[in-house]
Amino acid sequence: MSKQKTKFCCQECGYESPKWMGKCPGCQSWNSMVEEVETVVRTQGMNSSITRTKEKPMPLIHIESSPEPRVLTNNKELNRVLGGGIVPGSLILVGGDPGIGKSTLLLQTSFALTQAQQKVLYISGEESVKQTKLRADRLNASSPLLYVLCETNLELIEEAIQEINPDFLVIDSIQTVYHPAIASAPGTVGQVRECTGHFMRIAKGKGIATVLVGHVTKEGAIAGPRMLEHMVDCVLYFEGERHHSYRLLRAVKNRFGSTNEIGIFEMQEAGLVEVSNPSELFLSERPLGVAGSTVVASMEGTRPVLVEIQALVSTTNFPSPRRMATGIDHNRLSLIMAVLEKRVGLFLQNQDAFLNVAGGVKLDEPAVDLAVAISIASSFKDQATRPYDVVFGEIGLTGEVRGVSRIDQRVKEAEKLGFRRVIMPEKSLKGWTHPPGMEIIGVNTVSEALQAALS
């Protein structure tokens with residue numbers, strides 16, 4: 001016996017309410033409550049909805065562990081972000097801005113899997129079969145093992161999965177798929193939650209690696225309820241500037257690997273091409289002998305990346321100076337400038353400060369603090385740093401330079417690209433031997449670092 005009732009659900013966070021409200025109490029967003037019809041099924045007893053199992057609890061030490069089998073693609077960047085390849089039966093969510101290259105990446109990955117004799121089913125709810133064919137011809141990604149279907153009905157999609165029985169499944173996108181039994185529009189919270197649950201049961205039950213493409217909101221988060229990210233095994237964000245050709249693939253959740261890895265691609269006419277040496281790419285247009293430019297050795301997971309940090313400090317006539325940062329946290333910039341003014345003696349109260357990480361990279365590692373401070377001081381004094389210096393270190397509020405990890409990898413990357421001197425925390429000099437051709441300068445305070453870099 002079933003009974004229908006009406007509820008109002010927030011399309012941003014999934015908050016449910018029996019009545020309409022202009023402002024969502026959960027996420028404070030306006031005009032996001034949408035009416036949905038919920039079907040409540042009443043059962044005869046409590047035991048009817050309980051699935052009985054014969055499995056019993058076991059001590060953890062008695063459970064045998066085995067490494068997860070992985071399917072490798074010919075894309076090393078994607079393999080690195082996923083933790084070493086695609087795990088069969090995993091559910092992966094890929095989000096990104098419109099036109100950033102999500103469908104291109106997945107179509108190229110699908111073709112690469114067919115080269116390893118994997119059967120792939122690509123379901124598109126936004127493009128017709130002919131449009132997908134045109135994209136595949138442009139990418140040179142046609143294969144007899146790659147099946148394409150344009151469908152949004154979940155029941156028909158399940159029938160296609162039963163018929164094809166693929167090894168790899170792509171749903172582009174989850175916001176276009178709908179369940180006929182739910183009386184709400186595609187993309188609503190109820191539809192997204194129910195359809196994701198169906199695909200999760202298919203992936204786990206049949207061992208099919210499934211990728212869901214998710215739309216993003218104007219703030220950059222994946223649209224739909226937050227429960228969507230909890231249900232999947234891996235959440236990937238495909239980032240990049242529309243006016244630049246470089247794209248970054250970043251994992252924010254991964255049950256089968258680390259979330260610190262990034263993959264770097266370049267969008268070309270023939271599709272996405274992986275970048276094997278991102279440091280050389282980011283430093284290719286770096287000017288030499290210019291004030292405000294500093295190279296920092298940052299770690300993105302297990303990979304060292306050398307990036308240029310540019311700063312521009314200029315006098316302002318307004319009572320409140322501007323502080324703008326692109327690529328690092330704005331609050332971190334204000335903190336470092338406060339340390340420079342209080343501990344070093346630089347008068348920055350009437351100075352506008354603009355900071356940019358070249359190449360569109362976002363750095364959230366504390367080791368970039370020292371490079372930011374040297375760039376700001378270099379621009380303020382209009383004194384250029386040495387063109388072949390690499391800087392890294394964390395700055396404390398008392399003006400000290402704290403130690404960082406993975407020193408040997410950072411220095412080896414700098415040596416490989418032709419840099420000759422490294423300014424780093426003195427506390428990190430213990431326990432490793434630096435290359436003979438590199439000059440290592442250990443500093444304890446920001447003042448010592450500025451004296452070494454600007455002398």
Side-chain angles (χ1 to χ4, degrees), residues 14 49-58 60 62-73 78-79 81-95 106 109-110 113-114 116-125 145 147 149 151-182 189-214 222 224-236 251-259:
S49 61
I50 299 177
T51 303
R52 297 185 180 273
T53 178
K54 294 183 180 180
E55 294 184 1
K56 296 181 180 180
M58 294 178 59
L60 184 62
H62 294 166
I63 300 176
E64 296 182 0
S65 62
S66 58
E68 292 287 345
R70 296 179 183 268
V71 178
L72 296 178
T73 67
L78 180 61
N79 293 335
V81 175
L82 292 176
I86 300 174
V87 177
S90 61
L91 189 62
I92 304 170
L93 178 63
V94 179
L106 293 179
T109 303
S110 300
L113 290 174
T114 59
Q117 302 304 313
Q118 298 281 320
K119 190 183 297 183
V120 180
L121 177 58
Y122 189 99
I123 297 176
S124 176
L145 294 178
Y147 296 83
L149 175 65
E151 185 57 64
T152 57
N153 191 323
L154 181 60
E155 294 181 349
L156 298 179
I157 292 176
E158 289 185 1
E159 293 179 2
I161 295 174
Q162 294 287 347
E163 179 183 354
I164 301 298
N165 193 21
D167 301 303
F168 187 70
L169 175 65
V170 178
I171 306 296
D172 188 7
S173 65
I174 187 61
Q175 276 81 11
T176 61
V177 181
Y178 71 94
H179 196 294
I182 301 178
V189 171
Q191 287 283 8
V192 171
R193 181 172 55 235
E194 187 68 22
C195 293
T196 304
H198 274 268
F199 288 123
M200 181 179 64
R201 288 188 287 271
I202 292 174
K204 304 302 180 184
K206 293 181 174 295
I208 303 174
T210 304
V211 177
L212 307 177
V213 178
I222 295 180
R226 198 68 176 181
M227 185 186 301
L228 179 63
E229 299 187 21
H230 290 286
M231 295 172 67
V232 300
D233 298 317
C234 184
V235 180
L236 305 179
V252 297
K253 175 187 177 182
N254 192 357
R255 290 174 179 166
F256 308 108
S258 173
T259 58

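Values below: all heavy atoms of this structure, side chains included; hydrogens, waters and symmetry mates excluded.
- What you find for I157 and E151 is that their closest heavy atoms are CD1-O, 3.8 Å.
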So L149 and Y122, side-chain contact (heavy atoms from CB on, under 4.5 Å) or not? Walk me through it.
CA-CA 6 Å; L149 175 65; Y122 189 99; over 6 Å; no

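- For the pair V87/D233, no side-chain contact is recorded, criterion being any heavy-atom separation below 4.5 Å from C-beta on.
- Distance CD1/I182 to CD/Q191: 4.5 Å, rounded to 0.5 Å.
- With rounding to the nearest 0.5 angstrom, the CD1 atom of I208 is 10.5 Å from the NZ atom of K119.
- Applying the side chain to side chain contact (heavy atoms under 4.5 Å, CB included) test between F168 and each of L121, T114, V211 identifies V211 as the sole match.
- Q118 places none of its side-chain heavy atoms less than 4.5 Å from the side chain of L145.
- Closest non-hydrogen pair, F199 versus L169, comes out as CD2-CD2, 4.4 Å.
- You'll find the side chain of L82 reaches within 4.5 Å of the side chain of L236, heavy atoms only.
- The distance from the CG atom of L212 to the CE atom of M231 is 9.5 Å, given to the nearest 0.5 Å.
- Taken to the nearest 0.5 Å, the CD1 atom of I202 stands 7.5 Å off from the OG1 atom of T210.
- Side-chain atoms of K253 do not come within 3.5 Å of backbone N or O of L93 as any donor-acceptor pair.
- With contacts defined as side-chain heavy-atom distances shorter than 4.5 Å, the pair C234/N254 qualifies.
- Counting only heavy atoms from C-beta outward, the side chains of P88 and D167 never approach each other to under 4.5 Å.
- Inter-residue side-chain proximity for T73 and L113 is flagged as met; some heavy-atom pair is nearer than 4.5 Å.
- The side-chain heavy atoms of S90 and F256, taken from C-beta on, include a pair separated by under 4.5 Å.
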List the steps, then state whether side-chain contact (heavy atoms from CB on, under 4.5 Å) holds for E155 with H179.
CA-CA 7 Å; E155 294 181 349; H179 196 294; 4.3 Å; yes

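- Contact record, G85 with L72: CA-CD2, 4.0 Å, taken as the closest heavy-atom pair.
- For the pair T176 (side chain) and S173 (backbone), a donor-acceptor distance under 3.5 Å is present.
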Give the intermediate values and the outcome of side-chain contact (heavy atoms from CB on, under 4.5 Å) for residues L106 and D172.
CA-CA 9 Å; L106 293 179; D172 188 7; 5.7 Å; no

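- Once rounded to the nearest 0.5 Å, the distance linking CD1 of I164 with CD1 of I123 reads 9.5 Å.
- To the nearest 0.5 angstrom, N153 atom CG is 9.5 Å from E158 atom CD.
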